[in-house]
Participant: 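I am attaching a structure below and will ask some questions about it afterwards.
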Amino acid sequence: MAALRSFGRRGREELWLLPALAFIALFYVLPLVNLVARSFSGEGGGLSLDQFRTILATPAFTAAWINSVLFAAASTAIALVGGLLLAVWTAARRTRLRAALLAVYALPYTMSGLVVAFGFVVLTGRNGLVNQILGLMFEGGPFVNLRSWGGLLAVFPFYNVPLAALILTPLVEKLGRDLSEAAAVCGAGRVATWALVLIPALRPGLVAAGSLVFAAMMNAFGTTLAITGFSKNLLSLQIYAQSSDSGYNLPLASALAVVLMATTVAVLLVIGLIGRRRT
Amino acid sequence: MTQTLLRALGGLIAAAFIAYMMVPIALPVIYSFSSVWQGILPEGLTLDSYRKVLAGAQYVPAIALSFQVALSALLLVAVLAVPAAWGVYRARSPLAAVMRQALLIFPMVAGPLILAVGYLLTFNRPPFDFSGTVWIIVAGHAALGFPFMFRAVLADMETLALDRLTEAARVCGAPWWTVWFRVLVPNLAGSVISGGLIVFALSFGEFEIAKMVGGFGFRTLPVLLFQSLREDFRTASAVAAILVYVAVLGLIAVSLLRARTTATR
């Protein structure tokens, strides 16, 4: 009651933060602390690097690590190029259409990863539409393989390109006209305007989008699991396998998760540094 | 000439991408209404897939469970995020700044996978023994959804300068309940509802946390879809279509709400 009454009076504003801070402590911080602690604990307790030694000594794990970084990096590159193109196109639309487009770009965020898996199995799966249509025109087949790396790389732009476009469109809109006019007045050509003026000016947005996409791709496993099962060796899938019923080994899963988090943080720091570098 | 050509090319690429975006949205829906889809075009219009969902003993409980989880996550997030947004908006303290930063960084470093492993380690023993309850999935979905509601509500508070409104009401002699029900509730309803719809839709379709911490006891609709993808593709199509409907309806509601609030401002 007193809290309701005092709403908006100066002096005790921090109290309003308490429920959320308690939630963050219990459901973000504590699980992470436990996870890190468990990854460094040995068989009989005490501090140990055994789990990490196991990871480094197991070729499947080191391969998964490399695959994950390459896959996330490739996905990020696709997302940034595609997102930038889409943002430039979207920013040039009329207000109404632009608002509608931005609403559509927000849709993938709440779309279940399994729905996406279903859609692409129907489109590009073994007996999917694309293979059937190509089968009418050419001999042989199947022509596209959803369960290959290329197939997977074609699925995730559904999430990543609109996400990047959502971040970049307002920036392109704000910067685009003024800066490109200024550059044109100074006699810069199209390519020069992009390379020297627009891309550097968009760098904060590119860094934000790139970081979000890279982190999400390092963590993603649901859609991949539904499409390929365990046939693709990714760090996220290894962590899932170690923490689900088949191969239950939570200390190992924790150590793999620490590797994944450390890698993600390192890459995000590098992306941040590139973004901050002066030209 | 090159200008027009470039513009046409840009439009073509964008149209192709938007068509690509419609694949996971449209194909499950078309599939779910067709009786056969062996060739290139689907054949026959039928509701059989949906009948199978309603008849299958496992699907109806899964739909109910997903509703329960999504609604609980929504309520939990609202209870946490609205006061927190107000605290951050008003308090110029380091604590508020820390929270803003934490909410930017945490979701990137600890995605659903990492959270789920952490939950498996943390909540299966005292003092926080939640294993075998549905609340651990709810908490995970609330953790994923919290930043959305928080940001939406905080942005609304900032653009409306809500503290001036409450201050003005109070100076005019309004009692606290008037401040609440005539100033705060009507002004924040838009962002709370649209943030809540996003949390609901996110939770309803979420697979990774639900699969990892739900175990065999709690199978939400996406977890069941994962199983049906291997066993019964036709029923799976109806389940996938239901998930599409929830996500799309949520999005339409959010867009209408946003359009209305911007129009009245």
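Note on naming: letters A, B, ... go to the chains in the order of the sequence lines (proteins, then strands), and numbering restarts at 1 for each one. Hydrogens, waters and symmetry mates play no part in the numbers below; they use all other heavy atoms, side chains included.
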Participant: Could you report the tightest heavy-atom contact between B:F146 and A:A20, atom names first, then the distance?
Facilitator: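 Closest pair (atom of B:F146, atom of A:A20, distance): CZ-CB, 3.7 Å.
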Participant: Heavy-atom distances under 4.5 Å only: say whether B:L103 touches chain A with side chain, backbone, both or neither.
Facilitator: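 Just the side chain, heavy atoms under 4.5 Å.
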Participant: Given side chains that start at C-beta, do those of A:S243 and B:M212 come closer than 4.5 Å, heavy atoms only?
Facilitator: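 With C-beta onward as the side chain, the pair touches.
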Participant: Does any backbone or side-chain atom of B:I30 lie under 4.5 Å from a heavy atom of chain A? Answer side chain, backbone, both or neither.
Facilitator: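 Neither part; nothing is under 4.5 Å.
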Participant: Any sub-3.5 Å donor-acceptor pair from A:Y28's side-chain atoms to B:F106's backbone N or O?
Facilitator: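 Side chain of A:Y28 to backbone of B:F106, a donor-acceptor pair under 3.5 Å: no, none is there.
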Participant: Would you compute the distance between atom CD1 of A:I24 and atom CG of B:L80 and round it to the nearest 0.5 angstrom?
Facilitator: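 Here the interatomic distance stands at 8.5 Å.
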Participant: Please name the pair of heavy atoms, one in A:V104 and one in B:M21, separated by the smallest distance, quoted to 0.1 Å.
Facilitator: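 Shortest heavy-atom contact: O-CE, 3.6 Å.
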Participant: Please round to the nearest 0.5 Å and tell me the distance separating atom CG of A:N34 and atom CG of B:L121.
Facilitator: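 It comes to 6.5 Å.
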Participant: So for B:F148, is it side chain, backbone, both, or neither that comes closer than 4.5 Å to the heavy atoms of chain A?
Facilitator: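 Interface part for B:F148: side chain.
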Participant: Less than 4.5 Å to any heavy atom of chain B: does that hold for the side chain of A:L32, its backbone, both, or neither?
Facilitator: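 Contact with chain B: side chain only.
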Participant: Would you mind telling me which of B:V244, B:V248, B:I252 makes a side-chain contact (heavy atoms from CB on, under 4.5 Å) with A:L107?
Facilitator: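 Output: one option passes, namely B:V248.
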Participant: Which one of B:S237, B:G250, B:A102 has the most heavy-atom pairs closer than 4.5 Å to chain A?
Facilitator: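 Looking at each of B:S237, B:G250, B:A102 in turn, B:S237 comes out on top.
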Participant: Considering non-hydrogen atoms only, spot the tightest contact between A:F23 and B:A142 and give its length.
Facilitator: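 Closest approach of A:F23 to B:A142: CZ-CB, 3.8 Å.
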Participant: Is there a side-chain contact between A:L17 and B:V88 (heavy atoms, below 4.5 Å)?
Facilitator: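 Answer yes - side chains close enough.
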Participant: Could you tell me which residues in residues 90-103 of chain A have at least one non-hydrogen atom under 4.5 Å from a non-hydrogen atom of chain B, sorted by residue number?
Facilitator: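 Those residues of residues 90-103 of chain A which have a heavy atom under 4.5 Å from chain B are A:L101, A:A103.
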Participant: Is chain A contacted by the side chain of B:F226, its backbone, both, or neither, given a heavy-atom distance below 4.5 Å?
Facilitator: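 Both backbone and side chain.
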Participant: For chain B, find which of A:L30, A:L136, A:V265 contributes the most heavy-atom pairs closer than 4.5 angstrom.
Facilitator: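 Among the listed options, the one with the most contacts to chain B is A:L30.
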Participant: Using heavy-atom distances under 4.5 Å, tell me whether B:R7 contacts chain A through its side chain, its backbone, both, or neither.
Facilitator: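 Nothing of B:R7, per the 4.5 Å heavy-atom cut-off to chain A.
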Participant: Under 4.5 Å heavy-atom distance to chain A, tell me which part of B:W177 shows up: side chain, backbone, both or neither.
Facilitator: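 When you check distances to chain A, no heavy atom of B:W177 falls under 4.5 Å.
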Participant: Measure B:L251 against the heavy atoms of chain A and call it side chain, backbone, both or neither at under 4.5 Å.
Facilitator: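 For B:L251, the contact with chain A is made by the side chain alone.
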Participant: Just verifying a value: how many Å separate B:I198 CD1 and A:T110 OG1, rounded to the nearest 0.5 Å?
Facilitator: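 That separation rounds to 7.5 Å.
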Participant: Could you note down all residue pairs passing side-chain hydrogen bond (donor to acceptor under 3.5 Å, both in side chains) where residues 253-266 of chain A supplies at least one of them, sequence neighbours left out?
Facilitator: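 Sorted pair list: A:W65-A:T263.
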Participant: If you take all heavy atoms of A:L35 and B:V117, which pair is closest and at what distance?
Facilitator: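 Where A:L35 meets B:V117 most closely, the heavy atoms are CD1-CG1, 3.6 Å.
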Participant: So do the side chains of A:V121 and B:F233 get within less than 4.5 Å of each other, counting heavy atoms only?
Facilitator: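 When only atoms from C-beta onward are counted, B:F233 and A:V121 do touch, with a gap below 4.5 Å.
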Participant: Taking all atoms of both residues into account, what is the closest heavy-atom pair of B:A240 and A:F118, and its distance?
Facilitator: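 Heavy-atom minimum between the residues: CB-CG, 4.2 Å.
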Participant: Counting only non-hydrogen atoms closer than 4.5 Å, does B:Y119 touch chain A with its backbone (N, CA, C, O), its side chain (CB onward), both, or neither?
Facilitator: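 Contact with chain A: backbone and side chain both.
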Participant: Which residue out of A:A253, A:G113, A:A257, A:P162 racks up the most heavy-atom pairs below 4.5 Å with chain B?
Facilitator: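 That would be A:P162.
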Participant: Can you name the nearest heavy-atom pair linking B:L202 to A:Y109, along with the distance?
Facilitator: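 Distance-wise, the nearest heavy atoms are CD1-O, 3.4 Å.
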Participant: To the closest 0.5 Å, what do you measure between CG (A:L86) and CD1 (B:I18)?
Facilitator: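 CD1 of B:I18 is found 6.0 Å from CG of A:L86.
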Participant: Between B:Y20 and A:F120, is the ring centroid distance below 6.0 Å?
Facilitator: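 Yes, close enough.
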Participant: For the backbone of A:F221 and the side chain of B:E208, can you confirm whether one donor and one acceptor N or O come within less than 3.5 Å of each other?
Facilitator: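 Yes; judged by distance alone, with no hydrogens or angles, the pair exists.
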Participant: Is the ring centre of B:F123 less than 6.0 Å from the ring centre of A:F27?
Facilitator: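 Here the rings of A:F27 and B:F123 have centres that are less than 6.0 Å from each other.
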